[in-house]
Amino acid sequence: MAAATAGSAVAAPADRQVPVRQHSALSFDTMGKRLAPASAARAQELTDVIFDADGTRQETLTTGSGTCVYLDQVYNYEDQAVCNHVVYGDNGEVYFFNLIPNGGTDTYVKGQKEGDKVTLTLPQTLMVHPSGAFAVNLDILKYGKQTYSPTDDKNSVTFTVAEDGTMTMDDLGSDYTLGYIYTDDNSFAGYSAFELTIAPFNETVAEIPADAEVEQWGLVTGQSGFLVDVAIDGDDIYFGGMFAEGLPDAVIKGTIVTENGKSQVKVDNRQFLGLDYDSPCYLYFMTEGIDTEEEYEEPEFMADDYVFVFDYDVAEKMLTPVDEEIMWVAGLSDEYYYGIDEIRRIRLHYQDSFAGTPSAPYGLYYLTTDFGKNGFIFYIPAVSTTVTVLDPDYLYYRLYVNGELFTFSADLYELDEDMDLIPYDFGNDNIENYGGATRWVWLFEGGIETLGVQSVYKYEGTVTESTITTLTVGSGVADAVADKEVASESYFDLSGRQVSAPAEGFYIVKRTYTDGSVTTSKIIRK
């Protein structure tokens, strides 16, 4: 959660609208104080903070527009959809949990229902500082240039209830918003809602049937791979752990179809995958972006009724996509690309053994700095030389500096003991694990001429090693390849996944030359 600091802008101009997400519940340490100066307004009163509510609980999807704090600034958000809930009491009470999108306090505010209206009488207290010196209230605020303050003109907000149970906040009028205010000096806490619609949310996630046999299959995408759970129940097939980085518990359901002796697996678009904190996530299929000399073409969402198709080799237990250029995305919206995780060039197959020889590390890059240590970036693929998935619990890597085996000292690298073999899943501040295949090791010594990386796999009593991938460090690298002809270029993101063309962010480009030599370098695309 970004801290709100003095001097932050509070006007939230329209050209700074961003798809901001704030997930964890607010606290005084993370909210900070203060965003806006106090202005003449009525004094705030305190009410009891409501931590629990008795009644019938209804899961809801709240869609709103307003302001929130992000990176020490106040930004507008538009049509932000978050999941929360409402509790209906026995006597018309309606309790709203985390009413303001992006501003969760993990407490309730209470309204009263009469007919098709629910009225919240304000202010209501959401949280109290441990010292008792001040609190945060929900109130109606009047806003102007750089100021938000409670008003004497309004002391309640009303929601109109539709037949399906959807509640829509009535128009507050020009220059008014529902927002958070500090009680000791009426200063704005940065979170507000100009519009709110609260609809019943009854989406359910797919689940692997309890009596279905679960097998581990290897998912290979480019030069990376990992294990997923696959279960078949009649004509239904379930995939668990497809989005291992973003939504590891999500389950995706497909259907096995056999016609004219040929079997296929079909997966429907826009399946509900669960929540990323309070944001609902869905499976989306997208085209890959295309990089041309003229311009970069952004990926596009496939139509609602699009069905992803695998050819299914039943005997070999292998799934091969009919169109491998379609991406699988765990995303928040189909209006803009906001992916939690994605998979490209997917292939799935059953593995009865995870033995093998590890593929060589790739994407080596040496990043010099001016603060006493330099970064060594590389990728460790969890796949074998025969493109099967390795069990990452048995995978390691080692480094070579100037041709000599490198030892990670316990003192420098915050280890219990000196190590020269690093487990695949290990990470700390100086041996950074970005998830997937990406590793970033900080090196403290100078005089480096070459750097090498080797993967080591210790599985069922057998040790296999990859070849050592070596990077020549120094200004001579560019000169050495200046006159060579490039045969191909490949791009990789920080998770080690190959992409067709880089969008915004940090990428590694791997160039293969006609003489067989390879170089890697970083690019930052903005």
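Any value given below was found using the heavy atoms of this structure, including those in side chains, with hydrogens, waters and symmetry copies removed.
- Between Lys253 and Asp268 no salt bridge is recorded (no basic side-chain N to carboxylate O distance below 4.0 Å).
- For the pair Glu195 (side chain) and Asp171 (backbone), a donor-acceptor distance under 3.5 Å is absent.
- With hydrogens and angles left out, the side-chain atoms of Asn76 and Ser65 include no donor and acceptor closer than 3.5 Å.
- Using cut-offs of 30° and 60° for the angle between ring planes, the His85 and Tyr108 rings count as perpendicular.
- Ring geometry for Phe310 against Phe239 counts as tilted: the plane angle lies between 30° and 60°, on a 0 to 90° scale.
- Side-chain atoms of Thr197 and Thr166, non-hydrogen and from C-beta on, do get closer than 4.5 Å to each other.
- Between Leu178 and Leu99, the closest side-chain pair of non-hydrogen atoms falls below 4.5 Å.
- Between Phe188 and Tyr148, the ring planes are parallel. Angles under 30° get that label, and only those over 60° would be called perpendicular.
- Annotation: the span from Thr151 atom OG1 to Ile140 atom CD1 amounts to 9.0 Å, rounded to 0.5 Å.
- For the side-chain contact (heavy atoms from CB on, under 4.5 Å) test with Phe285, the passing option among Asp323, Val267, Val307 is Val267; the others fail.
- Contact of the Met167 side chain with the Val86 side chain is registered, since non-hydrogen atoms from C-beta on lie closer than 4.5 Å.
- Contact of the Asn84 side chain with the Asp278 side chain is not registered, since no non-hydrogen atoms from C-beta on lie closer than 4.5 Å.
- For CG of Asp164, the number of neighbouring non-hydrogen atoms (other residues, nucleotides, ligands) closer than 6.0 Å is greater than 12.
- Distance check, rounded to the nearest 0.5 Å: CD1 of Ile208 to CG of Asp233 gives 10.5 Å.
- With respect to Arg345 and Glu325, a salt bridge is recorded, a charged nitrogen being found less than 4.0 Å from a carboxylate O.
- Side-chain contact, Gln58 with Asn202: a donor N or O sits under 3.5 Å from an acceptor N or O.
- Residues Cys281 and Leu247 are in side-chain contact: their nearest non-hydrogen atoms beyond the backbone lie under 4.5 Å apart.
- Taking CZ of Phe301 as the reference point, atom CE of Met286 lies at 4.0 Å (rounded to 0.5 Å).
- Put simply, the residue from Thr125, Asn186, Thr183 that forms a side-chain hydrogen bond (donor to acceptor under 3.5 Å, both in side chains) with Asn137 is Thr125.
- Annotation for Asn269 and Met302: closest pair ND2-O, 3.6 Å, computed over non-hydrogen atoms.
- Atoms CD1 and CZ, from Ile326 and Arg344 in turn, are 11.5 Å apart once rounded to the nearest 0.5 Å.
- Remark: Glu207 CD is loosely packed, at most 12 non-hydrogen atoms of other residues, nucleotides or ligands lying under 6.0 Å away.
- When the shell of 6.0 Å around NZ of Lys117 is examined, it contains more than 12 heavy atoms from other residues, nucleotides or ligands.
- Judged by distance alone, with hydrogens and angles left aside, the side-chain atoms of Thr60 form no donor-acceptor pair with the main-chain N or O of Phe201 at under 3.5 Å.
- Each of Leu141, Thr105, Val69, Asp139 was compared with Tyr180 under the side-chain contact (heavy atoms from CB on, under 4.5 Å) criterion, and only Thr105 meets it.
- For Thr287 (side chain) and Glu300 (main-chain N/O), a donor-acceptor pair under 3.5 Å exists by modelled atom type.
- More than 12 non-hydrogen atoms from other residues, nucleotides or ligands lie less than 6.0 angstrom from CG of Asp153.
- Between the side chains of Asp106 and Asn98, at least one donor N or O lies within less than 3.5 Å of an accepting N or O.
- With contacts defined as side-chain heavy-atom distances shorter than 4.5 Å, the pair Val329/Glu342 qualifies.
- Looking only at side-chain heavy atoms (C-beta outward), Ile252 and Phe243 come within less than 4.5 Å of each other.
- Between Phe308 and Trp328, the ring planes are perpendicular. Angles over 60° get that label, and only those under 30° would be called parallel.
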